[in-house]
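Data block below; observations after.
This chain uses plain numbering: 1 for the first residue, then up along the sequence. Numbering of ligands and ligand atoms starts at 1, following listing order.
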Amino acid sequence: MIKTHDLRIRGFEPLPSPAELRGRLPLSTETEGLVTTSRREVEAVLRGDDDRLLVVVGPCSVHDPDAALEYARRLVAEAERHADRLLIVMRVYFEKPRTVAGWKGLINDPHLDGTHRVAEGLELARSVLRDITALGLPVGCEFLEPISPHYIADAISWGAIGARTTESQVHRQLASGLSMPIGFKNGTDGDVGVAVDGVRAAAQSQVFFGVDDSGRTCVVSTTGNEYGHVILRGGRTGPNYDSASLAAAAAKLTAAGLPGRVVVDASHANSGKDHVRQAEVIGELAGQIAAGDPISGVMIESFLVPGRQTLTDAGRAGLVFGQSVTDACLGWEQTETALDLLAFAATRRRGGVSARC
Ligand SMILES: O=C[C@H](O)[C@H](O)COP(=O)(O)O
Ligand SMILES: C=C(OP(=O)(O)O)C(=O)O
């Protein structure tokens, strides 16, 4: 018999089932309450029933659970301080889509050294989520692998489909069944239409291949997700957060029968991945929010230490604590300033005057 299948497969490694991992690391009743309430709050912001500004802020990627937790401890104080004007969700990204190749995140390679201990990565991701949500902070992430959400999505309050996968049928189907609001990034070329199409596809009921809680392959059917929205992240031709681009995106959404409001990612192609520029972009966005541009939320890449560092073969050893190993981030002090600016903008938009800013 001539073998004609799996010719390029090096190996298969079984994983624990989603039910097994969730059973080993369950969410507390408090976290379940937090997730439920914060999802409803994000939905209310997206509908325009809550006039706060959604802010998804945190590291480009989590590579060190201790640093992520230290960041969360600081962020929870900011979330409380601004709670009347900002709905702060911590960006806790475990999966990184790469333009070509590179470290694909804590789940795929938890030791950052190419050993790809995915079972450990899932366990680590879940324990990071438990630790952060235990502080009372809601969490957002990108969903990249179609199976990984079964292991972690119960702890997630907001999710994104990235620029590189926004046009993918697999990711749109996935979004149609996820329990939290999902933002679709515009394409890397700047095309907003594909994100609008993603929102429309995710709003529909879908039937596709997947796994169930026991890990068995099955046919999944979904109800559709009515809280899809568009995230403007700029593109190859430049940024797209100016008032004209926002109006054009809002017009595309309303033409498709969707609410004409967007979330803006201040990083990526909107800042040229330059964290110094990202701070300026946030300043500009604050002015636009105060002036009434249709912005429901802002995404910020931020960590304890500004900038980024390059991963080496040594893995986690020798890395600067609290500095990104993927895209450059604002440091903690610039993050506090950015949140103050956005809170002030949310107050101005509301028509009131803040005593604190
Ligand atoms: O957010 C992170 C990066 O922008 C994204 O994962 C792509 O990174 P890369 O172009 O370095 O692969
Ligand atoms: C990869 C990301 O963004 P984008 O999909 O916009 O490149 C990200 O936010 O980590």
Side-chain angles (χ1 to χ4, degrees), residues 54-63 68 71 89-109 112 114 125 139-145 148 152 156 158-168 170-172 174-175 181-199 202 228-241 245 249 262-275 277-278 281-282 285 297-303 306-312 323-330 335:
L54 171 67
V55 181
V56 180
V57 54
C60 176
S61 53
V62 172
H63 69 273
Y71 181 93
V89 171
M90 181 166 159
R91 188 188 147 105
V92 183
Y93 273 41
F94 296 120
E95 299 186 297
K96 298 309 296 172
R98 304 314 303 230
T99 304
V100 179
W103 180 65
K104 289 193 281 188
L106 197 75
I107 290 179
N108 183 279
D109 189 14
L112 294 82
V139 158
C141 73
E142 174 169 343
F143 291 107
L144 181 58
E145 293 284 351
S148 61
I152 58 170
I156 308 287
W158 173 92
I161 300 297
R164 291 162 189 76
T165 46
T166 211
E167 211 168 352
S168 145
V170 171
H171 290 80
R172 292 169 173 185
L174 171 67
I182 297 291
F184 282 83
K185 297 274 190 100
N186 65 252
T188 51
D189 60 358
D191 185 358
V192 176
V194 292
V196 176
D197 289 346
V199 174
H229 50 282
V230 165
I231 305 173
L232 298 180
R233 48 83 79 199
R236 267 193 281 283
T237 51
N240 61 1
Y241 64 88
S245 301
V262 296
V263 170
V264 179
D265 177 1
S267 188
H268 299 99
N270 272 333
S271 63
K273 292 194 180 185
D274 171 351
H275 62 290
R277 177 71 196 132
Q278 192 189 170
V281 171
I282 294 164
L285 283 170
V298 174
M299 291 185 74
I300 302 173
E301 290 196 305
S302 135
F303 212 174
R308 66 174 303 280
Q309 57 190 323
T310 302
L311 266 182
T312 66
Q323 190 176 46
S324 177
V325 298
T326 46
D327 290 348
C329 290
L330 297 187
T335 303

TODO: Determine whether any heavy atom of G102 lies closer than 4.0 Å to an atom of ligand 1.
DONE: no
Item to check | Stepwise side chain to side chain donor-acceptor pair (under 3.5 Å) test for T188 and R164 | outcome: CA-CA 6 Å; T188 51; R164 291 162 189 76; over 6 Å; no
Could you tell me whether the side chains of E301 and S267 share a donor-acceptor contact shorter than 3.5 Å? yes
Nearest heavy-atom approach of G140 to V89 is N-CG1, 3.4 Å
Check this for me: E167, atom CD, are more than 12 non-hydrogen atoms of other residues, nucleotides or ligands nearer than 6.0 Å? no
Report task. Check for a donor-acceptor pair, side chain of D265 on one end and backbone N or O of L232 on the other, with a separation under 3.5 Å. Result -> no
closest protein heavy atom to atom 2 (C) of ligand 2 is H268 NE2, 3.3 Å
Ligand 2 to A163, heavy atom cutoff 4.0 Å, flagged ligand atoms 4 (P), 5 (O), 6 (O)
Ligand 2 atoms nearer than 4.0 angstrom to some heavy atom of P97 are 1 (C)
Taking only non-hydrogen atoms of T99 and a 4.0 Å limit, the atoms of ligand 1 in range are 7 (C), 9 (P), 10 (O), 12 (O)
Going by the 4.0 angstrom heavy-atom rule, the piece of M299 near ligand 2 is neither
Original post:
Without hydrogens or angle criteria, can the side chains of T326 and Y93 be said to hold a donor-acceptor pair below 3.5 Å?
Top reply: no
Under 4.0 Å between heavy atoms, the region of C60 that gets near ligand 1 turns out to be side chain
Between R91 (side chain) and M299 (backbone), is there a donor-acceptor pair under 3.5 Å?
no
protein heavy-atom neighbour closest to atom 5 (C) of ligand 1 works out as P97 O, 3.2 Å
protein heavy-atom neighbour closest to atom 1 (O) of ligand 1 works out as H268 NE2, 2.9 Å
Atom 8 (O) of ligand 1 has as its nearest protein heavy atom K273 NZ, 3.6 Å
State whether D327 and K273 are salt-bridged, where the test is any N-O pair (Lys NZ or Arg NE/NH1/NH2 against Asp/Glu carboxylate O) under 4.0 Å.
yes
The closest protein heavy-atom partner of atom 11 (O) of ligand 1 is R98 NH2, 2.9 Å
Does a side chain donor of either S148 or E95 reach within less than 3.5 Å of an acceptor in the other side chain? yes
For V264, does its backbone N or O pair with a side-chain atom of R233 as donor and acceptor, under 3.5 Å?
no
the protein heavy atom lying closest to atom 10 (O) of ligand 2 turns out to be K96 NZ, 2.6 Å
Note: D327, heavy atoms under 4.0 Å from ligand 1, region reported as side chain
Flag for D191-N186: side-chain donor and acceptor within less than 3.5 Å
no
Of R91, R233, R164, the residue with the heavy atom nearest atom 9 (O) of ligand 2 is R91
The atoms of ligand 2 lying under 4.0 Å from a heavy atom of Y93, numbered in the order shown, are 8 (C), 9 (O), 10 (O)
One finds that the ligand 2 atoms under 4.0 Å from a non-hydrogen atom of G162 are 5 (O)
In this structure, atom 4 (P) of ligand 2 is nearest to the protein heavy atom K185 NZ, 3.4 Å
If we number the atoms of ligand 1 from 1 as shown, the ones under 4.0 Å from a heavy atom of K96 are 1 (O), 2 (C), 6 (O)
